[in-house]
Amino acid sequence: MTALRERTIVSPHSVPSLPKHVRIQYDPVRQAFAVLSPEKIFWPNEISLDILRHCDGNSTVAQIIAGLSAEYDAGPEDIAGDVISFLQEWSDRLLVRS
């Protein structure tokens, strides 16, 4: 019998990172960055890519939100929901570890 994986809930205190099987790579043909995982490839937009680049295993989600807030000149409260939703979706797909 296979055990079900318990869903990790992303919160402002989570410290996200990319698992070893996931990497960001530039594709010169498409002139875009891709996120590669076994048998899958994702083409994130610029904002998604910025979020993923902050997932260094050292910064909390709250710190990532603060950094992105400063970079994009947006209020943290304006982007927090979108950042957490994005990280939750990628965590559910096992592309981000929280």
Side-chain angles (χ1 to χ4, degrees):
M1 186 169 196
T2 304
L4 294 176
R5 179 180 78 89
E6 188 173 324
R7 183 180 191 216
T8 300
I9 303 299
V10 176
S11 75
H13 303 290
S14 301
V15 181
S17 64
L18 297 181
K20 290 182 182 181
H21 69 275
V22 176
R23 65 187 170 142
I24 299 171
Q25 182 173 314
Y26 185 73
D27 180 350
V29 173
R30 291 191 181 198
Q31 297 185 352
F33 283 93
V35 175
L36 307 174
S37 78
E39 301 181 22
K40 295 180 184 175
I41 187 166
F42 301 90
W43 299 97
N45 63 31
E46 181 113 8
I47 295 171
S48 298
L49 195 56
D50 283 346
I51 295 170
L52 292 171
R53 285 184 175 135
H54 282 82
C55 295
D56 58 10
N58 296 313
S59 303
T60 65
V61 171
Q63 291 169 323
I64 292 171
I65 291 168
L68 291 169
S69 173
E71 288 176 34
Y72 285 95
D73 195 27
E77 65 281 351
D78 295 331
I79 65 169
D82 290 336
V83 171
I84 291 172
S85 293
F86 172 82
L87 290 172
Q88 185 65 63
E89 180 182 335
W90 281 60
S91 175
D92 291 346
R93 291 180 175 182
L94 304 178
L95 297 168
V96 170
R97 186 178 303 137
S98 298

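Judged as a ring-ring contact (aromatic ring centres under 6.0 Å, His included), the pairs with a partner in residues 6-37 (not counting sequence neighbours) are, in order, Y26-F33. Here salt bridge (charged side-chain N to carboxylate O under 4.0 Å, His left out) pairs that include residues 24-40, with residues two or more places apart or in two chains, number zero.
Cluster annotation: I24 and L68 are assigned to the same hydrophobic cluster (Ile/Leu/Val/Met/Phe/Trp/Tyr, side-chain heavy-atom contacts under 4.5 Å, transitive).
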Throw together a table of side-chain donor-acceptor distances under 3.5 angstrom for residues 81-96, partners on residues two or more places apart or in other chains.
{"from": "S85", "atom 1": "OG", "to": "G81", "atom 2": "O", "distance (Å)": "2.9"}
{"from": "Q88", "atom 1": "OE1", "to": "V10", "atom 2": "N", "distance (Å)": "2.8"}
{"from": "Q88", "atom 1": "NE2", "to": "T8", "atom 2": "O", "distance (Å)": "2.8"}
{"from": "Q88", "atom 1": "NE2", "to": "D92", "atom 2": "OD1", "distance (Å)": "2.9"}
{"from": "E89", "atom 1": "OE2", "to": "R93", "atom 2": "NH2", "distance (Å)": "3.2"}
{"from": "D92", "atom 1": "OD1", "to": "R7", "atom 2": "NE", "distance (Å)": "3.0"}
{"from": "D92", "atom 1": "OD2", "to": "R7", "atom 2": "NE", "distance (Å)": "3.3"}
{"from": "D92", "atom 1": "OD2", "to": "R7", "atom 2": "NH2", "distance (Å)": "2.9"}

Donor-acceptor pairs are to be reported for all side-chain atoms of residues 49-57 against protein atoms at under 3.5 Å, with residues two or more places apart or in another chain.
{"from": "D50", "atom 1": "OD2", "to": "Y72", "atom 2": "OH", "distance (Å)": "2.2"}
{"from": "H54", "atom 1": "ND1", "to": "D50", "atom 2": "O", "distance (Å)": "2.7"}
{"from": "H54", "atom 1": "NE2", "to": "E71", "atom 2": "OE2", "distance (Å)": "3.1"}
{"from": "D56", "atom 1": "OD1", "to": "N58", "atom 2": "N", "distance (Å)": "2.8"}
{"from": "D56", "atom 1": "OD1", "to": "S59", "atom 2": "N", "distance (Å)": "2.9"}
{"from": "D56", "atom 1": "OD1", "to": "S59", "atom 2": "OG", "distance (Å)": "3.4"}
{"from": "D56", "atom 1": "OD2", "to": "S59", "atom 2": "OG", "distance (Å)": "3.4"}

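With sequence neighbours excluded, the residues satisfying side-chain contact (heavy atoms from CB on, under 4.5 Å) with S69 are P76, I79. Listed by chain and number, the residues in a side-chain contact (heavy atoms from CB on, under 4.5 Å) with A62 are P12, T60 (sequence neighbours excluded).
Using a 4.5 Å heavy-atom cutoff, the side chains of P16 and V61 are in contact.
Nearest heavy-atom pair, W43 versus A34, reported as atom, atom and distance to 0.1 Å: CZ3-CB, 3.6 Å.
Around the CD atom of Q31, the shell of radius 6.0 Å holds no more than 12 heavy atoms that belong to other residues, nucleotides or ligands.
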